[in-house]
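Report on one structure; see the data block that follows.
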Amino acid sequence: MMATSATAADAALTAREAEILHFIAHGLTSKQIARELNISPYTVNTHRDNLRRKLGVHNGAQLAYCQATRSSGTASAERMAPG
């Protein structure tokens, strides 16, 4: 199930999680994000796992959708079709 609202999800994200979510939405892999931020790919994957849990999604495509809705402010994550 999706987070109750984009606003509630935003408040729960750390600055690093928000940064990684931005990179995910722009199509970067964990390895590319790790290089960009000078951290381990395993650390990136831990952040990805935390993001999926916090936002109530199951894959990277859904994470990218959440970022798009956070950025646009026009749609709630609740509107995402189940997949």
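The analysis underlying the following values was restricted to heavy atoms, covering all of them including side chains, and did not include hydrogens, waters or symmetry mates.
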Is the backbone of A18 close enough, under 3.5 Å, to the side chain of H22 for a donor and an acceptor to pair up by distance?
-> no
Does the pair Q32 and R35 meet the rule for a side chain to side chain donor-acceptor pair (under 3.5 Å), with working shown?
-> CA-CA 5 Å; Q32 291 168 324; R35 260 188 256 131; over 6 Å; no
Are L51 and I24 side-chain neighbours, meaning at least one heavy-atom pair lies under 4.5 Å?
-> yes
Does H47 reach the side chain of I33, with side-chain heavy atoms less than 4.5 Å apart?
-> no
Q62 and H58: which non-hydrogen atoms are nearest, and at how many Å?
-> OE1-N, 2.5 Å
Shortest non-hydrogen contact from A12 toward K54 | O-NZ, 2.8 Å
Please report the shortest heavy-atom distance between G60 and R48, naming the atom on each side.
-> CA-NH1, 4.5 Å
Those residues that, when tested against R52, pass side-chain hydrogen bond (donor to acceptor under 3.5 Å, both in side chains) (two or more places apart) = D49
If every non-hydrogen atom of P41 is compared with every non-hydrogen atom of A34, which pair is closest and at what distance?
-> N-CB, 3.6 Å
With R16, which residues qualify under salt bridge (Lys or Arg N to Asp or Glu O under 4.0 Å), at least two apart?
-> E19
Out of curiosity, E17 CD to T46 OG1, how far, rounded to the nearest 0.5 Å?
-> 10.5 Å
Report the C-alpha separation of L37 and F23 in whole Å, then their side-chain angles, then the decisive distance to 0.1 Å, and conclude whether the side chain to side chain contact (heavy atoms under 4.5 Å, CB included) test is met.
-> CA-CA 10 Å; L37 299 176; F23 284 124; 3.7 Å; yes
Test side chain to side chain contact (heavy atoms under 4.5 Å, CB included) on T14 and N50 and set out the steps.
-> CA-CA 10 Å; T14 65; N50 291 339; over 6 Å; no
Any pair counted as salt bridge (Lys or Arg N to Asp or Glu O under 4.0 Å), so long as it reaches residues 55-67, sequence neighbours left out = none
Minimum heavy-atom distance A25-A64, with the two atoms named = CA-CB, 3.9 Å
